[in-house]
Amino acid sequence: MEKPKVVLGVSGGIAAYKACELLRRLTESGHDVRVVPTEASLHFVGAATWSALSGNPVSTEVWDSVHEVPHVRIGQHADLVVVAPATADMLAKAAHGLADDLLTNTLLTARCPVLFAPAMHTEMWEHPATQENVATLRRRGAVVLEPAVGRLTGVDTGKGRFPDPVEIFETCRLVLRRHSLGRSVTEPDLTGRHVVISAGGTREPLDPVRYLGNRSSGKQGYALVRTALARGARVTLIEANTGFTDPAGADVVHIGTAAQLREAVLKAAEDADVVVMAAAVADFRPETYAAGKIKKQDGQEPAPLTLVRNPDILAEVAGAGSGARLRPGQVVVGFAAETDDVLANGRKKLRRKGCDLLVVNEVGEHKTFGSEENEAVVLAADGAETPVPYGPKETLAEVVWDLVVPRLG
Ligand code: C5P
């Protein structure tokens, strides 16, 4: 089988050096990568590095090997173009259709999915000119990842950091996966949509060193985040105790307890089209928090633990009880991990929580938690039931989005 052809466009930012790791991941996972740097980017990483790592010739301009018409052929034959890092200048050129070097020509001739991983200083990212260019590119079907927040080139920090290259690779892989399955990837169906996803498991502290927790790894939530990004969504991830690297392109809020999760979800949900509660939220928390470590007393039984209920965030967002959504038209998705009577309990829970979709799966000590695979039935409020056979958590995530999209207003 022919290797998928990927064009790695590199524009002139210091993050170009991190794109070497992205290139390695792509080549080592069986992609034929053609690196097309801009002239300016060669100040940061030279053509020799790109050529050695990709095993392909490298050129910045259209005047090399003219008989092969590279300015047209490279884009035409690509299965994916990923521009990483994408500078403010590159986003502007792409949005306006300029074609003054090999990379910009390639962007005009490519008919495959195009993914931009911007990296720049916060001011440049936030400038209305850049934001309008990003909106234009997204409207045309490109996937433009939100930059990460963190340390920038100098001592300053803010939004604009190049996302983790391994995570950018994951998004590339998912876009190519959809492409290979014959799904439309040049018109991502979550473009322009804001989705909020909670992932992981809350921890309810007893004292400074102990907590009540659960076994949720967060892998299903991360699969939902990555697949949503690959389908063009703006994603806010509310992360609870997973320990995972932030996915490339999502706005991430790190929280610990159910109370913090509630606050973060309600805030992010204010302008969200979809809320997916994949996190395992503690139903109860210790009534009191001991400011100092609870000591064992010789010869004495431990003091009984009194628990109080946590608010049900999913039910609140879905408007269970009142029947009115916090935000009208918002699609709300819940998860239900059950150990017995899985489907019957799931159906009852769907009604009780008032959500549009409920992903029900069976869990046990060695089932689902922490594994790469999942098996579930997605129950819908209109009575539809979609079984998803045992397979990668990404497959289940794609089915969830397939069911969400037609329910969006
Ligand atoms: O009731 P149960 O915990 O089984 O419900 C699971 C679903 O409800 C999940 O989607 C979970 O994120 C959500 N949940 C919540 N707030 C709680 C408990 C669960 O949002 N306090």
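Throughout, residue positions are numbered sequentially from 1 according to the sequence presented. Source: prediction; values computed, not measured. Order of listing sets the numbers, starting from 1, for every ligand and every atom in it.
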Ligand 1: which protein N/O atoms lie under 3.5 Å from its N/O atoms?
unit_1	atom_1	unit_2	atom_2	d
ligand 1	1 (O)	Lys353	NZ	3.0
ligand 1	4 (O)	Lys349	NZ	2.3
ligand 1	5 (O)	Lys353	NZ	3.0
ligand 1	8 (O)	Lys353	NZ	3.1
ligand 1	10 (O)	Met277	O	2.7
ligand 1	10 (O)	Phe335	N	2.9
ligand 1	10 (O)	Phe335	O	3.3
ligand 1	12 (O)	Met277	O	3.3
ligand 1	12 (O)	Ala279	O	2.6
ligand 1	16 (N)	Ile313	N	3.0
ligand 1	20 (O)	Ile313	N	3.3
ligand 1	20 (O)	Leu314	N	2.7
ligand 1	21 (N)	Pro311	O	2.9

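- The backbone N or O of Val252 sits nowhere less than 3.5 Å from a side-chain atom of Glu239 that would complete a donor-acceptor pair.
- Among residues at least two apart or in separate chains, salt bridge (Lys or Arg N to Asp or Glu O under 4.0 Å) pairs with a member in residues 75-94 are Asp89-Lys93, Lys93-Asp100.
- Residue pairs meeting the side-chain hydrogen bond (donor to acceptor under 3.5 Å, both in side chains) criterion with at least one partner in residues 167-176, sequence neighbours excluded, are Glu167-Arg226, Glu170-Arg173, Arg173-Glu394.
- Sorted by first and then second residue, the salt bridge (Lys or Arg N to Asp or Glu O under 4.0 Å) pairs with a member in residues 114-129 form an empty list; sequence neighbours excluded.
- For Thr395 and Glu398, the side-chain atoms include no donor-acceptor pair closer than 3.5 Å.
- Inter-residue side-chain proximity for Trp125 and Val134 is flagged as met; some heavy-atom pair is nearer than 4.5 Å.
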